[in-house]
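What you see is a predicted model; the values in this text were computed from it and never measured. Start at 1 and go down the list; that is how both ligands and their atoms are numbered.
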Amino acid sequence: MGKLNPSFAEETVIVTGGASGIGREIARRFGAADATVLVADLDEEPKEGGTPTHELINEEGGTATFVETDVSERDDIEVLVEAAHEYGGVDVMVNNAGLFIGGSILELDPEDFEAIHNVNAKGIYFGTQVAANDMIERDDPGSIINTASISSHTAQFEQVQYDSSKGAVRMITRGAALELAEHGIRVNAVAPGQIATEFIEDWSNEAETKAQNDELVKMVPLGRAGKPEDVAPAYLYLASDAAEYVTGELLFVDGGWQIF
Ligand code: NAI
């Protein structure tokens, strides 16, 4: 099979939620493709353990730095995007940080609902807004890529709070793509399926949710759960000039799960 190897030399990429899981792999891939990477997260320590992402990228010959960021705080996002000015300004904004809390709509604590929406929906809305304004002010249009989910499209049992936040990601992406096209800014989303990260490990701790998760994986036509390595290349494709006519897209990377 052919290989797609985009280069992001001279470009600056922000990856929120870049300390762990999918974001960590996205950041590494951009680092390996010669981008300067700003890893933004609550904490630099990966949930899965190991060397912090930015240090790993630097060890691997790339250029990366860590910016402590809470994406649910708009001020933090402003500081983050401002930090990219030191490297010429953000060219690619990956709004990936996400939070999962399961539970029935009949019982979910209102604070949990707010916590999920503050990260998954508000964080992506303001990440898109702040990055787009910065690109327009610098007259240097780039690309914005949001992490959606199969939950952006398909309801899952006892996940209304998560599904609704990821549904919002889909429509933030589409609406922003429509509005920002005239500025030359493309906005797309990647919708991962079941991906083996600590995100899912947290969810799988209880026997009942683990059983549900196992059932979901059984329904993957390609026959296995995904890995961050399966998902990350989609971000590089969407950020690259190979995708220069692609905007408002929700790209499923789910082993075919959403076909049903
Ligand atoms: P993860 O839990 O391994 O990593 C998420 C990262 O986001 C962590 O480093 C965490 O510290 C960070 N984060 C959480 N809240 C934050 C905040 N307020 N500000 C800054 N950073 C914050 O999770 P994973 O699996 O890598 O998920 C990444 C994205 O992919 C999320 O948006 C998630 O909803 C989405 N996703 C994951 C799937 C999966 O099966 N793992 C499936 C579909 C979507």
For [X], take its heavy atoms, then give the atoms of ligand 1 lying under 4.0 Å from any of them.
{"X": "A148", "answer": "44 (C)"}
{"X": "G17", "answer": "6 (C), 7 (O), 12 (C)"}
{"X": "V119", "answer": "15 (N), 18 (N)"}
{"X": "G21", "answer": "3 (O), 26 (O)"}
{"X": "T147", "answer": "29 (C), 30 (O), 32 (O), 35 (C)"}
{"X": "T69", "answer": "19 (N), 20 (C)"}
{"X": "K47", "answer": "1 (P), 2 (O), 8 (C)"}
{"X": "I22", "answer": "25 (O), 26 (O), 30 (O), 37 (C)"}

**OP:** Mind telling me whether F199 and F100 have parallel, tilted or perpendicular rings, with 30° and 60° as the class edges?
**Re:** perpendicular
**OP:** Without swapping roles, check the side chain of S164 against the backbone of Q161 for a donor-acceptor pair under 3.5 Å.
**Re:** yes
Please examine the side chains of [Y] and [X], heavy atoms only from C-beta on, and report whether any two atoms are closer than 4.5 Å.
{"X": "D91", "Y": "F8", "value": "no"}
{"X": "P192", "Y": "V253", "value": "no"}
{"X": "E25", "Y": "I195", "value": "no"}

Would you check the N or O atoms of [X], main chain and side chain alike, for any that come under 3.5 Å of an N or O of ligand 1?
{"X": "V71", "result": "yes"}
{"X": "Q194", "result": "no"}
{"X": "I195", "result": "yes"}
{"X": "S149", "result": "no"}

Side chain, backbone, both or neither: [X] near ligand 1, heavy atoms under 4.0 Å:
{"X": "T197", "value": "side chain"}
{"X": "Y162", "value": "side chain"}
{"X": "K166", "value": "side chain"}

Subject >> side chain to side chain donor-acceptor pair (under 3.5 Å) partners of residues 245-260, not counting sequence neighbours, each pair once >> reply: none
State the [atom1]-[atom2] distance between [X] and [Y], to the nearest 0.5 angstrom.
{"X": "D139", "Y": "H183", "atom1": "CG", "atom2": "NE2", "value": "11.0 Å"}
{"X": "T53", "Y": "R24", "atom1": "OG1", "atom2": "CZ", "value": "4.0 Å"}
{"X": "L42", "Y": "S72", "atom1": "CG", "atom2": "OG", "value": "7.5 Å"}

**OP:** Return the minimal non-hydrogen interatomic distance between Q156 and S151, and the atom names on each side.
**Re:** NE2-OG, 3.0 Å
**OP:** Counting heavy atoms only, name the option from N120, D43, I150, L42 that's nearest to atom 16 (C) of ligand 1.
**Re:** L42
**OP:** Look at atom 38 (C) of ligand 1 and find which of G193, A191, G98, G123 reaches it with the closest heavy atom.
**Re:** G193
Original post:
Who passes side chain to side chain contact (heavy atoms under 4.5 Å, CB included) against D134, sequence neighbours left out?
Top reply: V81, H85, V90, R138
Original post:
At a 4.0 Å cut-off, with the gap strictly under it, does some heavy atom of L99 reach an atom of ligand 1?
Top reply: no
